[in-house]
Amino acid sequence: MIIQTAPAGEPRLAVMMHEHTALSEQFARAFGNDRFESVWPNDLMFYVVSHHDAGWAEFDRDPVTDETTGLPYNLVETPAKYITVTSRRSPDFNERHHPYCGLMSSMHSWGLYNGRYGLSKLVLIDKFPPADRPFAERMLADEVDRQKKLKAEIVKTAETANLIQEEHLFQNYKQLQFFDTLALYFNRTHPSQRDQQEFEHVPLDAGQDVTVTIRPCGPGAYELSPYPFAANAAEFAFAGRLIEPCQYQKGGGWPSVLRASPTQWERFRLVAA
């Protein structure tokens, strides 16, 4: 679950991970123009982008409270014994659909703990106390084994064997990271608190990357440079629900609070700079 920031004293928007990945999928389907290659294979990539955090589903329905905030744990602040389970279950879910979806999801999980294969300065495993690192180390070792197994399956089929050529594989991986982190830009930060941000290693194609910069440019509008989507002034939306600290204590627990809270939508436009 993602707990969005808010001005002091205001309720916080809780965004479940399936709502986060739904926004990521919108970006994936819109991505591509004369400069940026579109996502391919689109059917498999749209699926894994839409489900890359599917392992959070059970945890999101009944989240654990962060006693320092009185709210559900916020994404990467979730303790290792919980977040490592979600990191395993997401590839489990995607692998059942197709080996390539399982491979891409496994790479996503492994990358989150290891600086996104060198593409990010955030190394999640470094945030864990030493006593909690074995949870992550066991999960990561299992994901390396999973990736070897899935690659062996993928190469058996002529239609999919070329998908795991390294340049193409990492083009897809970088696309997933862009859709994920662009969605997080909106999901994690209140509209009044968003600022300029750079997204490095966005692939033009299998061999070239660029840095995409986003900045607010008016109410509900954000400009990107260079612009990676097919349609200018493309519109997107995501959902969440407003909650307050310790609301679970008088609302019958977080599952009841989340079910009773009305859905809130944020809609925005992305335009070329």
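These numbers come from a predicted model, not from an experiment.
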Problem set entry | Geometric class of the W254/Y248 ring pair [parallel <30°, tilted 30-60°, perpendicular >60°] | tilted
Exercise. Any ion pair linking E58 and R61 (charged N to carboxylate O, less than 4.0 Å)?
Worked result: no
Exercise. Angle class for the W110/Y117 ring planes (parallel below 30°, perpendicular above 60°, tilted otherwise)?
Worked result: tilted
Exercise. Step by step, would you call M107 with Q147 a side chain to side chain contact (heavy atoms under 4.5 Å, CB included)?
Worked result: CA-CA 8 Å; M107 291 175 64; Q147 291 172 28; 4.0 Å; yes
Exercise. Are V144 and F135 linked, directly or through other ILVMFWY residues, by side chains that come within less than 4.5 angstrom of each other?
Worked result: no
For this session: Let me see the working for W40 and Q171 under side chain to side chain contact (heavy atoms under 4.5 Å, CB included), right down to the final yes or no.
Result: CA-CA 9 Å; W40 178 86; Q171 179 184 5; over 6 Å; no
For this session: Specify the closest pair of heavy atoms between P226 and V210, including all atoms of both residues, with the distance to one decimal.
Result: CG-CG2, 4.1 Å
For this session: Look only at the side chain of R12 and the backbone of Q4, and say whether a donor-acceptor pair between them is shorter than 3.5 Å.
Result: yes
For this session: Would you mind checking if R88 and D142 are paired as a salt bridge, meaning a charged N to carboxylate O distance below 4.0 Å?
Result: no
Exercise. Taking all atoms of both residues into account, what is the closest heavy-atom pair of N94 and H52, and its distance?
Worked result: ND2-CA, 4.2 Å
Exercise. Y73: what forms a ring pair (Phe, Tyr, Trp, His ring centres under 6.0 Å) with it, not counting sequence neighbours?
Worked result: none
For this session: Group every Ile, Leu, Val, Met, Phe, Trp and Tyr by side-chain heavy-atom contacts under 4.5 Å, then state whether F199 and V271 land in the same group.
Result: no
Exercise. Considering all heavy atoms of both residues, which atom of I154 and which atom of T160 are nearest to each other, and what is their separation?
Worked result: O-OG1, 2.8 Å
Problem set entry | Donor-acceptor pair between E198 and T211 side chains, under 3.5 angstrom | no
Seminar exercise, completed: Value for CG (D145) from NZ (K148), rounded to nearest 0.5 Å, stands at 6.0 Å
Seminar exercise, completed: When every non-hydrogen atom of A14 is compared with those of M1, the smallest separation belongs to CB-SD, 4.0 Å
Problem set entry | Atom CD of Q196 with >12 non-hydrogen neighbours under 6.0 angstrom | yes
Exercise. In the single-linkage hydrophobic clustering (I, L, V, M, F, W, Y; side-chain heavy atoms under 4.5 Å), do V39 and Y47 co-cluster?
Worked result: no
Exercise. Honestly curious: do L184 and F178 fall in one hydrophobic cluster under the side-chain, below-4.5 Å linking rule?
Worked result: yes
Exercise. Does the ring centre of H51 sit less than 6.0 Å away from the ring centre of F93?
Worked result: yes
Seminar exercise, completed: Between F268 and A237 the two heavy atoms that sit nearest each other are CE2-N, 4.4 Å
Exercise. Which residue pairs pass the ring pair (Phe, Tyr, Trp, His ring centres under 6.0 Å) test with at least one member in residues 206-228, sequence neighbours excluded?
Worked result: F186-Y222, Y227-F229
Problem set entry | For Q177, the option from H201, H108, E200 that meets side-chain contact (heavy atoms from CB on, under 4.5 Å) | H108
Exercise. Would a distance-only check, ignoring hydrogens and angles, find a side-chain to backbone donor-acceptor pair under 3.5 Å from R35 to L204?
Worked result: no
Exercise. Between L103 and V48, is a side chain to side chain contact (heavy atoms under 4.5 Å, CB included) present by the stated rule, with each step listed?
Worked result: CA-CA 10 Å; L103 174 61; V48 70; over 6 Å; no
Exercise. Mind checking whether Y82 and F59 have parallel, tilted or perpendicular rings, split at 30° and 60°?
Worked result: tilted
For this session: Determine the sole option in I83, V64, T84, V85 for which the side-chain contact (heavy atoms from CB on, under 4.5 Å) test with T78 is passed.
Result: I83
Exercise. Does Q175 reach the side chain of P203, with side-chain heavy atoms less than 4.5 Å apart?
Worked result: yes
Problem set entry | Evaluation steps, side chain to side chain contact (heavy atoms under 4.5 Å, CB included), between L258 and D60 | CA-CA 9 Å; L258 293 166; D60 273 357; over 6 Å; no
Exercise. According to a 4.5 Å side-chain heavy-atom criterion applied to Ile, Leu, Val, Met, Phe, Trp and Tyr, with indirect links allowed, do M16 and F236 form part of one hydrophobic cluster?
Worked result: no
Exercise. Can you tell me if S106 uses its side chain to pair, donor with acceptor, with the backbone of G102 under 3.5 Å?
Worked result: no
Exercise. Considering all heavy atoms of both residues, which atom of N187 and which atom of I2 are nearest to each other, and what is their separation?
Worked result: O-CG2, 3.7 Å
For this session: Give the intermediate values and the outcome of side-chain hydrogen bond (donor to acceptor under 3.5 Å, both in side chains) for residues T5 and Q193.
Result: CA-CA 8 Å; T5 65; Q193 298 170 334; 2.5 Å; yes
Exercise. Between OG of S261 and CD of E244, what distance do you get to the nearest 0.5 Å?
Worked result: 9.5 Å
Problem set entry | Centroid-centroid under 6.0 Å between H18 and W56 rings | no
